[in-house]
Amino acid sequence: MALYKMGEILADAQARGYGVGFFNTINLEMIRACVEAAEELNSPVIIGTAEALLPIAPFDWLVPAMLEAARRAKVPVAVHLDHTYRFDTLMQALRSGFGSIMYDGTRESLEDNVCHSAEIARIAHAMGVGLECELGSVAGLTDEAGNEDKMVYTDPAGAASFLERTGADFLAVSIGTAHGVYKAKPCLDIPRLKQIRAVVDAPLVLHGGSGLSDDDFRNTIKGGIAKVNVFTDVILAGKRALAENPEAGYTDGVCLAREAMKRAVTEKLDLFGSAGKA
Ligand code: 13P
């Protein structure tokens with residue numbers, strides 16, 4: 001199948017009212033888990049990686065594998081770069097062949113976030129690449145000094161002008177989710193999400209998809225989320241499979257972890273309503 005762009009996949013999700021899963025990957029096993037799960041469900045899917053994962057999986061190894069998997073897939077698969085902070089990494093990503101990228105300016109002032117996002121949008125668009133940006137801040141990620149991002153809700157009143165001034169194509173929103181394992185049950189601000197949805201046309205992205213309830217997914221997708229990012233739950237499924245089979249050798253362990261991650265991805269795609277939509 002031809003390589004899909006994230007924008008094409010999310011346009012269909014928005015038009016038909018379902019969510020699409022985005023999964024970070026670090027190796028062939030995770031790529032296969034995502035693509036095989038999507039094929040079995042006849043679902044679109046988005047795979048990618050993030051700047052923080054670069055030391056584990058450099059672009060020049062991982063991106064060709066993701067692009068090849070996407071081209072071979074029987075369902076629409078897009079290849080996207082998640083949270084990235086550095087200009088150099090973003091330029092490297094454009095050269096590597098990502099169809100879309102995320103610039104995360106949430107650790108900067110709002111003005112700097114707007115200014116840098118706009119600069120990246122101009123370059124990305126000139127190369128036919130879509131840009132995701134974030135307004136507010138989803139908690140849970142840590143910077144290089146180990147400081148954890150705090151939660152700042154997305155202000156619905158500023159969402160339209162943020163998109164207009166930056167030129168971003170996709171908007172990541174902060175409505176009460178967090179990256180990683182939740183320390184307490186998350187309480188999502190669905191009315192805030194609906195207010196944002198009412199003032200912007202761009203596909204909205206929910207980060208921190210691991211650990212949310214089935215109702216959380218149903219409510220956020222109904223409230224206007226088109227893309228749901230998941231990482232931790234897939235990694236934990238792989239880790240559990242290895243822990244439950246301590247006798248397994250490396251090759252068996254790799255296969256067991258892949259099957260467990262595939263089941264985790266299948267469960268999410270099913271919940272997001274994308275099964276049968278490819
Ligand atoms: P989780 O690791 O909490 O699923 O978050 C994934 C994410 O939002 C990646 O951008």
Side-chain angles (χ1 to χ4, degrees), residues 6 9-10 19-26 30-31 33-34 37 45-54 56-57 62 66 78-86 89-90 93 98 100-107 117 130-143 148-154 168-188 193 203-214 216-217 220-221 225-240 260-272:
M6 189 162 97
I9 289 179
L10 295 185
V20 181
F22 164 78
F23 302 91
N24 275 311
T25 67
I26 57 162
M30 294 191 80
I31 296 171
C34 295
V45 73
I46 305 162
I47 56 174
T49 187
E51 187 172 68
L53 300 173
L54 264 172
I56 308 168
L62 192 69
M66 289 195 290
V79 178
H80 171 74
L81 176 66
D82 195 27
H83 295 276
T84 295
Y85 306 87
R86 290 204 187 98
T89 313
L90 292 159
F98 284 94
S100 52
I101 55 177
M102 177 187 189
Y103 171 63
D104 183 341
T106 59
R107 292 173 184 164
S117 297
L131 179 69
E132 175 180 335
C133 290
E134 182 169 325
L135 179 63
S137 175
V138 176
L141 295 179
T142 47
D143 67 15
E148 194 173 314
D149 294 339
K150 301 273 178 296
M151 208 258 285
V152 179
Y153 282 109
T154 302
D169 306 283
F170 316 102
L171 181 67
V173 295
S174 176
I175 56 162
T177 59
H179 295 99
V181 176
Y182 284 97
K183 297 179 186 96
K185 191 177 172 313
C187 179
L188 305 192
L193 171 62
L204 301 179
V205 182
L206 187 73
H207 283 251
S210 297
L212 298 181
S213 69
D214 296 4
D216 286 335
F217 290 126
T220 50
I221 291 165
I225 290 293
K227 168 176 172 250
V228 185
N229 286 15
V230 179
F231 183 54
T232 304
D233 275 352
V234 180
I235 289 288
L236 289 178
K239 182 180 169 185
R240 252 192 322 272
M261 292 190 291
K262 183 173 157 186
R263 284 193 294 276
V265 171
T266 301
E267 201 180 293
K268 299 292 185 208
L269 295 179
D270 215 15
L271 274 170
F272 301 162

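We count ligands from 1, going down the list as the structure has it; atoms in each ligand are counted the same way.
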For T89, side-chain hydrogen bond (donor to acceptor under 3.5 Å, both in side chains) partners two or more places apart: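 Testing T89 for side-chain hydrogen bond (donor to acceptor under 3.5 Å, both in side chains), a comparison that skips the adjacent residues, returns E51.
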
N-O pairing of D233 and K268 below 4.0 Å: yes

Is any side-chain heavy atom of [X] closer than 4.5 Å to a side-chain heavy atom of [Y]?
| X | Y | answer |
| --- | --- | --- |
| M30 | I235 | yes |
| L236 | V181 | yes |
| L269 | F23 | yes |
| I101 | L131 | yes |

First-shell residues of ligand 1 [heavy atom, distance under 4.0 Å]: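 Only N24, D82, H83, A178, H179, G180, H207, G208, G209, S210, N229, V230, F231, T232 have heavy atoms that fall under 4.0 Å of ligand 1, ordered by chain and number.
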
